[in-house]
Undergrad: 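Next up is a structure, given as structure tokens.
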2 protein chains.
Amino acid sequence: MSIATPVKILLIDDHHLFNDGLKSLLSSEQNIEIVGQVYEAKGVLHAIQRLSPDLIFLDINLPDKNGIELAAEVLKNYPSVKIILLTMYSDSQIYKEALRTGVHGYILKNSSKQNLLSGIEAVVNEKTYFDAKLNGRIEEAPSDDLARKFALTAREKEIIKWVKAGLDSYQIADKTFLSYHTVKTHRRNIHFKLGTSTTSELIKFANENGI
Amino acid sequence: MSIATPVKILLIDDHHLFNDGLKSLLSSEQNIEIVGQVYEAKGVLHAIQRLSPDLIFLDINLPDKNGIELAAEVLKNYPSVKIILLTMYSDSQIYKEALRTGVHGYILKNSSKQNLLSGIEAVVNEKTYFDAKLNGRIEEAPSDDLARKFALTAREKEIIKWVKAGLDSYQIADKTFLSYHTVKTHRRNIHFKLGTSTTSELIKFANENGI
DNA sequence: AAAAGATTACCTCCTAAGAGGTATTTTGTG
DNA sequence: CACAAAATACCTCTTAGGAGGTAATCTTTT
């Protein structure tokens with residue numbers, strides 16, 4: 001497997017070693033040029049402006065922003081740029097989220113270089129590429145009001161962040177300058193939206209979905 | 001920075017792309033030879049036997065085993081092999097665990113190639129190397145009964161696994177064929193050992209420490 | 001064999017979290 | 001401006017989890 005036409009790629013991952021390793025791994029390939037590397041969400045739009053890559057590889061867990069949100073921004077501002085998400089999560093929910101956002105590919109970090117090259121080849125040819133390991137996990141959603149799930153508000157995401165950080169509702173109320181009652185209301189709404197009912201379920205769900 | 005004497009390195013990480021990327025990144029270095037790559041805990045001891053590396057890079061989160069436990073096994077069976085843990089967790093507790101196990105280095109995945117080379121240079125010269133980003137996080141333990149913390153039993157680790165999986169105590173009792181009361185007792189003992197007091201704290205702690 | 005540690009299991013009491021309801025204020029969008 | 005959505009905040013009630021205690025039975029180590 002090798003790439004037929006020249007491709008300019010931008011790598012976005014906060015793990016420097018992974019990012020640099022990937023660059024090293026791909027630089028040896030014919031027709032692949034790594035035009036830049038970014039280690040946080042912040043500089044991404046600017047880097048795209050400056051480097052005009054054909055394709056970006058994007059991690060979902062960036063320290064300062066959810067990769068899927070970032071993907072949406074990129075697609076909005078630079079519709080011609082192809083996006084392949086590169087993550088360690090194989091959950092079907094996040095896969096659906098990714099599809100909905102309109103990314104062009106989704107590859108797991110425990111995948112192989114060959115798959116990566118297949119993905120690159122596919123997306124530069126206006127196709128999509130989703131990791132084979134994801135198959136079998138994708139069951140259609142009941143589609144009625146479930147479509148509205150996942151529509152977490154900014155405040156709800158913030159609450160989830162603190163729950164994941166190990167705080168209880170009183171501590172979260174302190175941190176957010178909200179009433180304890182309000183925090184509990186948000187937690188209830190979050191559980192409703194995500195279909196969870198305990199804190200441990202919520203954390204598991206959030207971890208698997210990069211929330 | 002370059003390495004002064006030839007070093008044979010074995011890479012152990014379940015994320016193929018990271019593993020391969022790292023190989024690519026290090027292969028270009030003088031005096032560094034990547035003698036092998038392993039993608040799960042299972043084949044590690046055999047690979048060491050066969051390839052006799054001077055140094056192994058070891059991920060903490062392997063699918064089939066905790067990397068720190070694996071490090072202990074390696075040190076027991078091959079005391080001359082140097083071990084550098086390579087992980088994304090910067091928690092002080094796991095750092096202490098690593099020290100106690102006797103690993104020779106601990107480097108974060110969002111570190112740089114230069115740090116990696118410094119680490120290699122250090123450990124092959126019988127020194128240790130711990131990521132600079134870990135400094136400031138290392139406060140000495142009260143040392144009395146805190147030394148006994150972290151001594152989680154097999155059953156306790158199993159309970160933690162189910163808690164992380166989102167099950168409540170009743171469901172865990174079902175899964176393990178234990179009484180609900182027993183599960184609660186284990187949870188209480190776990191909280192005591194880890195110094196936590198809520199489920200969310202426990203999960204956070206477990207995640208950060210690769211339990 | 002004795003001691004130490006691990007596992008099992010029950011008790012009570014208290015608190016955090018979840019479920020259900022309601023209502024006001026604020027913010028954003030057509 | 002009007003309407004919808006989000007954010008805020010209180011109420012009650014039920015349940016799961018945490019804290020403290022005790023103790024019998026295994027298992028492992030000395």
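Here is the naming used below: chain letters follow the sequence lines, and residue numbers restart at 1 for every chain.
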Undergrad: Return the value, rounded to whole Å, for the distance between atom CG of A:Leu202 and atom C1' of C:dG18.
TA: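 Rounding to the nearest Å, CG of A:Leu202 and C1' of C:dG18 are 12 Å apart.
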
Undergrad: Taking side-chain contact (heavy atoms from CB on, under 4.5 Å) as the definition, give me every residue that meets it alongside B:Ser179, ordered by chain and number, with sequence neighbours left out.
TA: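 If we apply the side-chain contact (heavy atoms from CB on, under 4.5 Å) test to B:Ser179, skipping adjacent residues, the hits are B:His181, B:Thr182.
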
Undergrad: Pick out the pairs of N or O atoms, protein on one side and nucleotides 10-17 of chain C on the other, that lie under 3.5 Å.
TA:
unit_1 : atom_1 : unit_2   : atom_2 : d
C:dC10 : OP2    : B:Ser179 : OG     : 2.6
C:dC10 : N4     : B:Thr185 : OG1    : 3.3
C:dA16 : OP2    : A:Tyr170 : OH     : 3.2
C:dA17 : OP2    : A:Ser169 : N      : 3.2
C:dA17 : OP2    : A:Ser169 : OG     : 3.2
C:dA17 : N7     : A:Lys184 : NZ     : 2.9

Undergrad: Could you state the atom-to-atom distance from CD1 of B:Ile159 to P of D:dG17 in whole Å?
TA: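 It works out to 12 Å between those atoms.
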
Undergrad: Please tabulate, one pair per line, each protein N/O and nucleotide N/O from nucleotides 28-30 of chain D that are separated by under 3.5 Å, including the distance.
TA:
none

Undergrad: Taking CD1 from B:Ile190 and P from D:dG17, how many angstroms apart are they, rounded to a whole number?
TA: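 Nearest whole value for this atom pair: 13 Å.
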
Undergrad: Could you go through B:His16 and B:Tyr39, starting from their C-alpha distance and side-chain angles, then the distance that decides it, and tell me whether this counts as ring pair (Phe, Tyr, Trp, His ring centres under 6.0 Å)?
TA: CA-CA 7 Å; B:His16 282 239; B:Tyr39 303 97; 3.7 Å; yes

Undergrad: Does A:Lys109 qualify as a cation-pi partner of A:Phe18, given the criterion of NZ or CZ under 6.0 Å from the six-membered ring centre and within 45 degrees of its axis?
TA: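 Ring-cation test returns yes.
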
Undergrad: What's the verdict on side chain to side chain donor-acceptor pair (under 3.5 Å) for B:Glu121 and B:Asn125, showing C-alpha distance, side-chain angles and the deciding distance?
TA: CA-CA 6 Å; B:Glu121 184 71 30; B:Asn125 289 307; 3.1 Å; yes

Undergrad: Which whole-number value in Å describes the distance from A:Arg155 CZ to D:dA5 C1'?
TA: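 These atoms are roughly 15 Å apart.
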
Undergrad: Distance check: side-chain N/O of B:His186 vs OP1/OP2 of C:dT8, anything under 4.0 Å?
TA: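 Looking at the OP1 and OP2 atoms of C:dT8, one of them is under 4.0 Å from a side-chain N or O of B:His186.
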
Undergrad: Test side chain to side chain donor-acceptor pair (under 3.5 Å) on A:Tyr180 and A:Asp168 and set out the steps.
TA: CA-CA 10 Å; A:Tyr180 166 71; A:Asp168 65 25; over 6 Å; no

Undergrad: With no hydrogens and no angle check, is any side-chain donor or acceptor of B:His104 less than 3.5 Å from a backbone partner on B:Ile83?
TA: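 Answer holds: yes.
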
Undergrad: For A:Lys42, does the NZ atom have more than 12 heavy-atom neighbours from other residues, nucleotides or ligands under 6.0 Å away?
TA: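 Counting neighbours around NZ of A:Lys42, 12 or fewer heavy atoms of other residues, nucleotides or ligands fall under 6.0 Å, so no.
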
Undergrad: In whole Å, I'd like the distance from the CZ atom of B:Phe192 to the P atom of C:dA6.
TA: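 Interatomic distance, CZ of B:Phe192 to P of C:dA6: 13 Å.
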
Undergrad: Are any of the side-chain heavy atoms of A:Glu33 and A:Pro6 separated by less than 4.5 Å?
TA: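 Side-chain contact under 4.5 Å: no.
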
Undergrad: Please report, rounded to the nearest Å, how far the C1' atom of C:dG18 is from the CD1 atom of A:Ile160.
TA: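 Going from A:Ile160 (CD1) to C:dG18 (C1'), I get 16 Å.
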
Undergrad: Taking atom P of D:dG17 as reference, at what distance in whole Å does atom CG of B:Asn189 sit?
TA: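 Taking CG of B:Asn189 and P of D:dG17, I get 16 Å after rounding.
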
Undergrad: Please step through side chain to side chain donor-acceptor pair (under 3.5 Å) for the pair B:Asn189 and B:Glu156, ending with a clear verdict.
TA: CA-CA 8 Å; B:Asn189 293 335; B:Glu156 286 163 352; 4.6 Å; no

